[in-house]
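These notes concern the structure reproduced below.
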Number of protein chains: 2
Amino acid sequence: MTDFRLDDFLPYLLNNAAESTSRAFSAHYREAYGMTRAQWRIMAHLGSDGALTASDICVRSHLEKSKVSRAVAALEERGLLRRAPSTIDRRAEHLSLTDQGRQVHADLTAHAKRFSDTLIDRLGKARTTELAAILRDLTKDRDD
Amino acid sequence: MTDFRLDDFLPYLLNNAAESTSRAFSAHYREAYGMTRAQWRIMAHLGSDGALTASDICVRSHLEKSKVSRAVAALEERGLLRRAPSTIDRRAEHLSLTDQGRQVHADLTAHAKRFSDTLIDRLGKARTTELAAILRDLTKDRDD
DNA sequence: AAGTGGCGGTTGCATATGCGACAGTTGCAG
DNA sequence: CTGCAACTGTCGCATATGCAACCGCCACTT
């Protein structure tokens with residue numbers, strides 16, 4: 001009746017691939033800075049997009065707001081990130097990297113670049129681009 | 001220097017896609033059976049591969065052994081799964097679905113099939129196959 | 001200007017998770 | 001046979017997580 005193959009099931013494969021690559025990649029920032037995946041993401045967004053508000057980060061990174069809140073607190077405590085109250089909206093806070101945060105961010109992206117190159121080598125340029133496109137597609141229009 | 005684009009970074013995209021699809025898919029088995037992703041996976045493996053040992057499941061599902069241990073305990077308690085001591089190796093236990101477990105498994109795979117069809121519709125048959133192949137490739141040879 | 005619904009961010013709580021330690025078992029080397 | 005490394009599965013503990021409740025603030029209605 002149902003010739004359901006687990007090995008063809010996309011959510012399953014996606015989780016495996018995500019888990020596998022993330023695990024390999026996270027080793028660096030975890031050991032070097034004791035950072036969480038969420039923290040890494042926030043650093044990445046802040047580093048490339050400048051100052052953001054916590055809810056901006058929620059939208060862009062697809063992270064829960066409580067997760068963002070705690071990650072931001074941790075990063076602030078380590079002196080990597082600074083909060084500034086918004087003059088316009090007293091609820092919001094503008095987040096930005098400190099000098100030290102920028103240094104760390106540089107290191108993080110350097111490693112990320114290297115890791116990315118490794119993956120591209122393994123898959124080939126064409127398949128990588130294809131894969132990236134499909135993944136973006138899959139995530140799109142699903143506004144959870 | 002580094003023109004690093006977060007939006008092209010595979011681990012990032014993979015996590016987003018995995019999270020997004022899993023979140024959508026997990027709704028069913030979570031609401032219907034209060035099941036975890038790990039529990040779903042174990043059900044899937046046991047349902048399609050027959051009797052397995054806990055460490056077999058670890059290997060096939062890429063799950064931590066403590067995670068498997070707890071998930072198995074939960075499934076057993078709900079009467080979906082049965083343990084039988086191995087006669088050959090007194091450390092190991094053979095795990096298999098109960099009748100009720102098989103019923104639940106049938107329902108789970110039915111839903112999975114339907115969900116999978118939805119995804120295939122969205123991506124198209126060709127891209128789906130391509131994607132699956134690449135994902136398998138990415139997970140392979142990375143024996144964490 | 002008072003009421004109201006909604007937003008930004010934090011926190012409590014219950015649960016899930018990862019890791020390392022552990023007891024019991026196996027099998028292989030000497 | 002004895003000792004020892006490796007393996008199976010469980011558990012404790014510290015931490016991470018999701019969800020909902022919550023506080024203060026905003027904007028819009030009347």
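Naming convention: chains lettered A, B, ... in sequence-line order (proteins, then strands); numbering from 1 in each chain. None of the values given here were measured: they were computed from a predicted structure.
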Bounded by its outermost nucleotides with an atom under 4.0 Å from a heavy atom of chain A, the footprint on DNA chain C reads C:dG6 to C:dC19
Inset, instruction - Treat each ILVMFWY residue as a node, draw an edge where side-chain heavy atoms are under 4.5 Å apart, and state whether A:I120 and B:Y12 are in one component. - result: no
**Item:** Test item: B:T98 side-chain N/O and B:G101 main-chain N/O as donor-acceptor pair under 3.5 Å
**Value:** yes
salt_bridge(A:D7, A:R5) N-O dist < 4.0 Å
no
Notebook entry, point to check: Between the main-chain N or O of A:G34 and the side-chain N or O of A:R78, is there a donor-acceptor pair closer than 3.5 Å?
Noted result: yes
So, with a heavy-atom separation below 4.0 Å from DNA chain D, the residues of residues 66-77 of chain B are B:S66, B:S69, B:R70
Within residues 29-45 of chain B, those residues having any heavy atom closer than 4.0 Å to DNA chain C are B:T36
So CG of A:L6 and OG1 of B:T109: to nearest 0.5 Å the spacing works out to 10.5 Å
Terminal axes of the helix from C:dA1-D:dT30 to C:dG30-D:dC1 (5 end pairs apiece), angle rounded to 10 degrees, sit apart by 10°
Tell me if a side-chain donor or acceptor on B:S69 pairs with a main-chain N or O of B:K65 at a distance below 3.5 Å.
no
The reported gap from CG in A:L80 to OH in A:Y33 (rounded to nearest 0.5 angstrom) is 9.0 Å
Atom CD of B:E64 and atom P of D:dT8 are separated, to the nearest Å, by 15 Å
So CZ of A:R37 and OG of A:S22: to nearest 0.5 Å the spacing works out to 4.0 Å
| query | Would the B:F115 and B:W40 ring centres measure less than 6.0 Å apart? | reply | no
Problem set entry | Basic-acidic side-chain contact under 4.0 Å: A:D117, A:R114 | no
The correct set of residues in residues 52-60 of chain B placing a heavy atom under 4.0 Å from DNA chain D is B:T53, B:A54, B:S55
One should read off an interatomic distance between B:L14 CG and B:L138 CG, to the nearest 0.5 angstrom, of 6.0 Å
Under 3.5 Å, side chain of A:R83 to main-chain N/O of A:E93, donor-acceptor pair present?
-> no
Hey, is the main chain of A:L123 close enough, under 3.5 Å, to the side chain of A:T128 for a donor-acceptor pair?
no
To the nearest 0.5 Å, atom CZ of B:F25 lies from atom CG of A:L10 at 11.5 Å
Rounded to the nearest 0.5 angstrom, the CG-OG distance for B:L13 and B:S20 is 12.0 Å
Residues in residues 79-95 of chain B with a heavy atom under 4.0 Å of DNA chain C, by number, are B:I88, B:D89, B:R90, B:R91
**Prompt:** With distance as the sole test, does A:S116 use its side chain to make a donor-acceptor pair with the main-chain N or O of A:A112 at under 3.5 Å?
**Reply:** no
Should the pair A:D8-B:K113 be classified as a salt bridge under the 4.0 Å nitrogen-to-oxygen rule? no
